[in-house]
Amino acid sequence: MAQQNLILCIDIGGDSIKAAEFSYVPGQSLTLERFAYTEYEFSSDEPPEDVILKTLTDVIKTNGFSAREVYVSLSGKNAFVRFVKIPAMTTDKDKIQEIISYEAQQAIPFSSDEVVWDSQLLQPMADSDGSEIDAMIVIVKKQEVSRISELVEKLGKRIVLIEVAGTSCYNSARANNVGANECQMILDIGGRCSTLIFLDGSRFFVRTIPIAGDTITQQIAKEFNISYVDAEEMKRKHGYVSLGGAYEESDSEVASAVSKIVRNVMTRLHGEINRSINVYRATQKGRKPEKLFLAGGTSILPYAPRFFSEKLRIPVEYLNPFQVVGIGPAVDQQVLSEVAHLYAETIGLALRRLGTSPVEISLIPDYIRKQNEFRSKRPFFFASAAVVLLFFGITLWTMSEQAENIASESDKFSTLVAQREAIQKRVKDANNKLTTAIGEFDEAVELLKKRNNLIAFYSLIRSCIPDNVWLTDFSISNAPSAQIKSATTATTAANNNPENAQNGGGLSMNMPENNNEPADGQDGTINNGLTWINMVAYVICEKNDTWLNDRSAAINNITSKMKENRSIFKAKDEEIMIVYDEGRDICDHLTIRKFLLAVELTEPIDSPEFEKALAKKLSPIPSEDDDEEEEEE
């Protein structure tokens with residue numbers, strides 16, 4: 001059988017998972033090929049959600065299901081179903097949908113981002129006056145459907161549909177003509193909850209009741225003070241619905257006690273059924289139920305049909321959903337007959353694949369829906385790709401007919417291109433040579449500018465030196481010269497010696513404690529710019545001139561004009577290094593002495609700031625800005 005004609009329908013109940021794989025002929029028939037039934041094994045060490053997903057994984061992996069499309073039904077305990085009536089003020093489907101959306105937002109007990117919901121308009125009854133529109137809203141938690149969807153996708157399947165047990169069971173019952181001519185009910189007694197469904201022609205109503213097999217087990221565990229597992233085993237071994245009254249009780253005290261517990265729970269369930277009938281008839285204008293069908297795992301407790309028949313005073317029988325489904329040769333019918341009452345939901349899911357069903361709710365998350373839409377469009381994509389390939393094939397065939405002419409023209413064009421590239425290469429080489437020459441020219445111009453600056457600066461230095469001072473050596477560096485630093489150190493030592501102090505000694509500036517270190521940084525670092533002028537000079541003066549024995553007088557005499565150019569020189573007394581020797585007499589009243597002088601510039605000599613300051617100083621007509629700067633200095 002071809003894989004594309006198979007679907008896998010899974011009912012995820014409160015205490016078990018029922019799975020059935022069907023083959024189908026679209027719009028015609030369904031055939032059950034294989035099925036599986038597995039109960040959960042809950043434990044206190046593992047969250048119930050993880051147990052359900054683990055059991056679902058085992059069911060899909062271990063039962064040989066080959067269908068890729070998966071339809072899922074969720075337990076009624078995890079869903080919220082609400083029936084609303086909308087005034088028939090418009091026939092516009094969009095406006096009706098807006099009203100239903102508003103009603104859904106009012107009914108959702110969580111944030112809208114946390115749920116998935118869908119709605120459907122219900123068919124009106126023949127006796128309806130048309131003043132109201134009946135609608136059903138189904139809401140489930142997004143987290144639950146997302147986890148199931150992701151798990152199914154990881155197992156290599158494609159999830160197509162998710163709905164709730166009440167709607168899938170209703171579709172199955174309608175296909176089997178339940179409630180076609182009179183109002184009938186289906187009571188699906190599951191493990192964690194019971195679902196009561198009303199079928200009254202085209203009218204539909206469903207209510208979830210939180211009384212089921214798990215309620216009986218908890219009461220037994222409480223009554224006998226035993227564990228939940230032992231209570232479940234006792235229920236299955238001894239459980240039946242006590243008929244009460246004149247009916248004879250069991251000889252076993254345990255069975256008798258268990259049967260009374262079961263009857264008490266069933267009595268509570270009967271009370272909820274009566275309440276639901278009253279609500280249905282009052283709100284939905286429904287007719288009185290004439291028959292009850294039982295389904296679900298707990299419904300097979302002995303005497304359950306008789307109990308509900310006596311309480312409701314209507315006929316009661318089990319629902320047989322397999323009347324519209326064929327049975328495949330590989331199915332063990334004996335085993336199937338033992339669990340047939342559990343498969344109404346799976347058959348209702350499968351019927352959705354054949355065609356239109358009375359209720360078509362879909363709770364697929366948006367991202368799964370978009371994936372399915374994309375997959376459904378794949379054949380069109382492939383067809384489009386085939387057309388494109390055919391077009392390219394025809395185009396290539398047409399182009400091959402012109403290949404020789406194109407090749408000939410291509411050779412001519414290649415020759416022209418080669419000639420053009422050769423010309424472009426020569427032009428590029430010429431441009432490179434021109435760029436190199438311009439660069440060399442610019443460098444030469446800059447050198448000439450700096451040469452002129454140096455000459456101008458030397459002239460400025462010479463103009464600042466007194467007439468009786470001869471400059472014999474001139475250098476520019478990033479620190480005072482080693483010669484003047486060593487001379488300064490020696491002179492300082494001599495000044496510290498009393499004997500030498502009496503003899504006059506030399507003069508020196510105030511230096512840091514380590515006189516061998518440069519004085520232009522507090523941290524002792526050397527300035528990397530060319531900021532120091534080192535000069536060697538000789539001065540001829542009278543022997544009795546006293547200024548030579550006074551540091552301030554000596555500095556002022558030699559560097560007085562430098563102080564006038566503070567934009568060029570740092571010419572304060574404490575910033576100048578000066579040392580001289582004892583001198584040599586050249587006649588009776590004249591002497592000549594050698595000076596070592598170091599003066600720091602305000603900016604490095606090769607910096608743009610220094611060139612700007614020098615240009616201003618040498619400008620023949622000073623600007624107003626220069627006058628303001630001189631006044632500030």
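None of the values given here were measured: they were computed from a predicted structure. Both backbone and side-chain heavy atoms feed into the values below; hydrogens, waters and symmetry mates do not.
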Minimum heavy-atom distance Ile10-Leu349, with the two atoms named: O-CD1, 3.6 Å
Would a distance-only check, ignoring hydrogens and angles, find a side-chain to backbone donor-acceptor pair under 3.5 Å from Lys142 to Pro365? no
Does atom CD (Gln424) have a neighbourhood of more than 12 heavy atoms from anything else shown, all under 6.0 Å? yes
If you round to the nearest 0.5 Å, how far is CD of Glu600 from CD1 of Ile533? 10.0 Å
Roughly how far apart are Tyr71 OH and Leu8 CG, rounded to 0.5 Å? 11.0 Å
Give a yes or no on whether the backbone of Val536 and the side-chain of Lys594 come within a donor-acceptor separation of less than 3.5 Å. no
Rounded to the nearest 0.5 angstrom, the NZ-OG distance for Lys612 and Ser567 is 11.5 Å
Applying salt bridge (charged side-chain N to carboxylate O under 4.0 Å, His left out), name anything that partners Lys428, two or more places apart in sequence or on another chain. none
Classify the side-chain pair Glu163/Thr167 by whether it contains a donor and acceptor separated by less than 3.5 Å. yes
For Pro604, is there any backbone N or O sitting under 3.5 Å from a side-chain donor or acceptor partner on Thr531? no
In chain order, what residues pass the side-chain hydrogen bond (donor to acceptor under 3.5 Å, both in side chains) check against Glu103, with sequence neighbours excluded? none
Test item: Ser607 side-chain N/O and Phe610 main-chain N/O as donor-acceptor pair under 3.5 Å: yes
Closest heavy-atom contact between Trp117 and Ile137? CE3-CG2, 4.1 Å
Would you compute the distance between atom CZ of Phe569 and atom OG1 of Thr602 and round it to the nearest 0.5 angstrom? 9.0 Å
Between Phe65 and Leu6, is any pair of side-chain heavy atoms under 4.5 Å apart? no
Crowding at CZ, Phe413 (>12 non-hydrogen neighbours, <6.0 Å): no
Mind checking salt bridge (charged side-chain N to carboxylate O under 4.0 Å, His left out) for Arg147 and listing every partner two or more places apart, or none if nothing turns up? Asp50
Shortest non-hydrogen contact between Leu155 and Ile60, atoms and distance: CD1-CD1, 3.6 Å
When rounded to the nearest 0.5 Å, the distance separating CD1 of Ile96 from CD1 of Ile86 is 6.5 Å
For a 4.5 angstrom cut-off between non-hydrogen side-chain atoms, does Ile12 reach Tyr40? yes
Pairing of Arg158 and Glu69 as salt bridge, 4.0 angstrom limit: yes
Nearest heavy atoms of Ile159 and Val72, plus distance in Å: CD1-CG2, 3.8 Å
Please examine the side chains of Glu440 and Thr436, heavy atoms only from C-beta on, and report whether any two atoms are closer than 4.5 Å. yes
Quick check: are there more than 12 heavy atoms from other residues, nucleotides or ligands sitting under 6.0 Å from CD of Glu46? yes
Whether the side chain of Asp118 engages the backbone of Ser362 through a donor-acceptor N/O pair (distance < 3.5 Å, no angle test) should be reported. yes
Note, Leu74 side chain near Ile148 side chain (heavy atom, < 4.5 Å): yes
So which atom in Leu121 and which in Ile100 form the shortest heavy-atom distance, rounded to 0.1 Å? CD2-CD1, 3.5 Å
With the side chain counted from C-beta on, respond yes when Glu603 and Pro608 share a heavy-atom pair under 4.5 Å apart, and no when they do not. no
CE of Met535 to OG of Ser481, rounded to nearest 0.5 Å, is 10.5 Å
Between Ile361 and Val164, is any pair of side-chain heavy atoms under 4.5 Å apart? no
In sequence, state the C-alpha distance, the side-chain angles, and the governing distance for Ile605 and Leu614, and then conclude on side chain to side chain contact (heavy atoms under 4.5 Å, CB included). CA-CA 9 Å; Ile605 195 171; Leu614 182 61; over 6 Å; no
Pair Lys425 + Asp429: basic N to acidic O under 4.0 Å: yes
Please name the pair of heavy atoms, one in Leu530 and one in Leu601, separated by the smallest distance, quoted to 0.1 Å. O-CD1, 4.0 Å
Glu360 versus Arg352: any side-chain heavy-atom pair under 4.5 Å? yes
